Amino acid sequence: MRIIVAGGDGTAGWLLGVVSDLKLSNPPPIATVPLGTGNNLPFSFGWGKKNPGTDRESVKRFLEKVKKAKIMQIDSWHIRMKMRIPAEGPLDPVAPLELPHSLHAFKRLSQSDVLNEEGYHTFRGGFWNYFSLGMDAQVSYEFHTERKLHPERFKNQLVNQSTYAKIGCSQGWFCASLVHPNSRNFRQLAKLKVADRQGQWDELPIPNSIRSIVCLNLPSFSGGLNPWGIPNDKKSRERGLTPPYVDDGLLEIVGFRDGWHGLVLLAPHGHGTRLAQAHRVRFEFHQGAADHTYMRMDGEPWKQPLPKNDDTVIIEISHLGQVKMLAADNCIAKGAQDVYNPSLHSFADGNDVEVEGDEDEEEIESRRKFGAAHTFRIDFDHID
């Protein structure tokens with residue numbers, strides 16, 4: 001069996017979550033029809049960035065491509081955010097138009113969850129393409145807010161993409177050093193730490209000008225751009241970088257200064273500021289640095305309130321397992337299993353979950369349940 005999902009990155013991520021939650025012994029691979037704004041998932045696997053058409057012949061051609069597509073494994077990532085329970089005020093993620101229960105990508109844990117700690121709010125989620133924090137997430141948040149306020153203005157992909165660019169300009173991100181205060185710089189907000197497969201944590205030195213951090217799994221971001229690019233052999237050797245495979249258990253971490261820095265991606269060999277490759281990532285927020293920030297996972301942005309007097313706000317990203325995608329002929333995503341002997345690869349089973357340190361079976365099982373049946377569920381009991 002092969003599954004086709006039609007929609008944007010958020011819709012595709014929702015279905016990947018459903019399949020992950022089912023824990024099938026042989027989960028079906030998934031193909032994506034690009035009907036969203038960014039369409040990073042379908043573009044990564046060769047399905048294009050535009051609607052392939054709905055007439056009979058177009059549909060038949062697409063189905064034939066799905067039939068011939070090869071199966072690829074891609075990494076899935078677990079994300080957890082923890083902060084002390086505040087004396088006053090909610091800290092739940094705020095979706096565009098302040099409808100927190102319409103936010104599918106992140107959810108607060110119940111008190112009975114094994115990952116929940118007494119005296120803390122703990123949130124968890126999962127992603128397959130990227131997690132970002134800062135400038136780009138704020139632009140995305142404003143775009144989604146505008147689209148929900150005026151859905152009649154967002155009738156096709158071209159209009160959506162044009163509006164997205166206008167919002168970025170109107171918020172001053174193309175002259176960020178003049179318009180936005182230093183408090184918008186990432187280094188003023190948090191520390192960034194990374195760990196290798198052996199669990200050794202190191203703090204990354206972040207340039208003071210960086211206003212956005214992207215943790216990238218696939219080679220497509222913001223409508224088909226590749227922030228990591230292709231480092232030359234000399235730079236790769238000097239920094240110990242490996243090819244950015246989608247199944248190697250590593251995230252590529254990239255920084256951006258402003259909107260102009262993002263436009264560099266349009267040039268040949270353009271890329272963001274390559275910060276590191278990591279098996280685990282941790283954001284540690286400075287106490288009182290801001291009362292909120294903006295975050296985004298796989299096309300779903302939200303505004304995240306932060307406690308004023310808490311120096312323990314932590315976001316941690318860890319490798320969870322793998323899912324199966326269908327790749328067409330124009331696939332730009334590369335897999336280590338396509339290069340090396342699969343028998344030497346440790347991530348072959350899409351249902352395997354890595355054991356970090358002294359985690360017990362109950363905690364591992366809890367981490368696995370980040371998909372649509374749990375994390376992405378809408379709480380209808382609390383919707384007005």
Side-chain angles (χ1 to χ4, degrees), residues 40 43-46 72-75 77 127-136 173 176-177 185-187 190-283 317-319 327 330-341 344-347:
N40 295 294
F43 181 69
S44 294
F45 294 96
M72 289 186 66
Q73 300 272 13
I74 69 167
D75 294 322
W77 297 88
F127 67 93
W128 291 266
N129 189 1
Y130 65 86
F131 168 81
S132 67
L133 187 154
M135 172 183 66
D136 72 287
W173 288 118
S177 60
N185 295 357
F186 177 83
R187 199 164 72 177
K191 293 189 294 186
L192 177 57
K193 295 182 177 181
V194 297
D196 55 22
R197 296 186 191 278
Q198 286 69 46
Q200 178 65 42
W201 288 99
D202 293 303
E203 182 176 348
L204 277 183
I206 305 297
N208 190 53
S209 59
I210 296 297
R211 290 176 170 83
S212 181
I213 297 287
V214 180
C215 299
L216 191 69
N217 186 44
L218 303 182
S220 180
F221 176 77
S222 289
L225 304 177
N226 184 356
W228 186 256
I230 304 176
N232 61 45
D233 292 342
K234 181 180 178 181
K235 288 184 178 179
S236 295
R237 287 194 302 269
E238 290 175 349
R239 299 185 57 187
L241 301 177
T242 60
Y245 297 129
V246 299
D247 59 352
D248 59 359
L250 294 174
L251 288 169
E252 282 68 49
I253 305 173
V254 185
F256 289 99
R257 299 186 299 271
D258 50 32
W260 294 112
H261 196 188
L263 289 181
V264 169
L265 301 180
L266 298 174
H269 309 296
H271 59 85
T273 300
R274 301 185 186 107
L275 298 173
Q277 290 176 305
H279 187 56
R280 299 176 73 182
V281 181
R282 179 187 293 164
F283 299 87
I317 302 171
S318 56
H319 186 265
N330 296 326
C331 175
I332 62 171
K334 305 298 182 183
Q337 296 188 45
D338 296 333
V339 179
Y340 302 111
N341 186 340
L344 302 178
H345 222 54
S346 60
F347 301 114

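Note that the structure is predicted; figures quoted are calculated from it, not measured.
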Return the minimal non-hydrogen interatomic distance between G272 and F256, and the atom names on each side. CA-CE2, 3.8 Å
Is the backbone N or O of T242 less than 3.5 Å from a side-chain atom of Q277, with the two atoms forming a donor-acceptor pair by type? yes
Please check: side-chain N/O of R239 versus main-chain N/O of R274, any donor-acceptor pairing under 3.5 Å? yes
Are the side chain of N208 and the backbone of R187 linked by a donor-acceptor contact shorter than 3.5 Å? no
Please check this pair: side chain of D247 against backbone of G335, looking for a donor-acceptor N/O pair closer than 3.5 Å. no
Mind checking the CG-CG spacing from D202 to D196? Nearest 0.5 Å is all I need. 7.5 Å
Carefully, step by step, assess R197 and L250 under the rule side chain to side chain contact (heavy atoms under 4.5 Å, CB included). CA-CA 9 Å; R197 296 186 191 278; L250 294 174; 4.1 Å; yes
Taking the side chain as every heavy atom from C-beta outward, state whether P219 and V246 have any pair of such atoms under 4.5 Å apart. yes
Please walk me through it: do N129 and I74 pass side chain to side chain contact (heavy atoms under 4.5 Å, CB included)? CA-CA 9 Å; N129 189 1; I74 69 167; over 6 Å; no
For residues V214 and S132, report the shortest heavy-atom separation together with the two atoms involved. CG2-CB, 4.0 Å
Mind running side chain to side chain contact (heavy atoms under 4.5 Å, CB included) on W128 and S44 for me, showing each step along the way? CA-CA 12 Å; W128 291 266; S44 294; over 6 Å; no
Work out which heavy atom in P231 is nearest to a heavy atom in L241; give both atom names and the distance. CG-CD1, 4.2 Å
Heavy-atom nearest pair, M72 first then A327, reads SD-CB, 3.7 Å
Within the distance-only criterion (no hydrogens, no angle test), does the side chain of N40 pair as donor or acceptor with the backbone N or O of F221 below 3.5 angstrom? yes
Got a second to check how far K193's NZ is from E203's CD, nearest 0.5 Å? 6.0 Å
Apply side chain to side chain contact (heavy atoms under 4.5 Å, CB included) to the pair V194 and L275, showing each step before the final yes or no. CA-CA 10 Å; V194 297; L275 298 173; over 6 Å; no
Output for pair (I206 CD1, T273 OG1), nearest 0.5 Å, gives 9.5 Å
Less than 4.5 Å apart, side chain to side chain, heavy atoms only: is that true for L251 and F131? no
Drop me the distance from W77's CH2 to H319's NE2, to the nearest 0.5 angstrom. 5.0 Å
Less than 4.5 Å apart, side chain to side chain, heavy atoms only: is that true for F45 and L218? yes
Interatomic distance, CG@D248 vs NE2@H279, rounded to 0.5 Å, equals 10.0 Å
Distance (rounded to the nearest 0.5 Å) between W228 CH2 and N217 CG: 13.0 Å
Between C215 and I253, what is the shortest heavy-atom contact and its length? SG-CG1, 4.4 Å
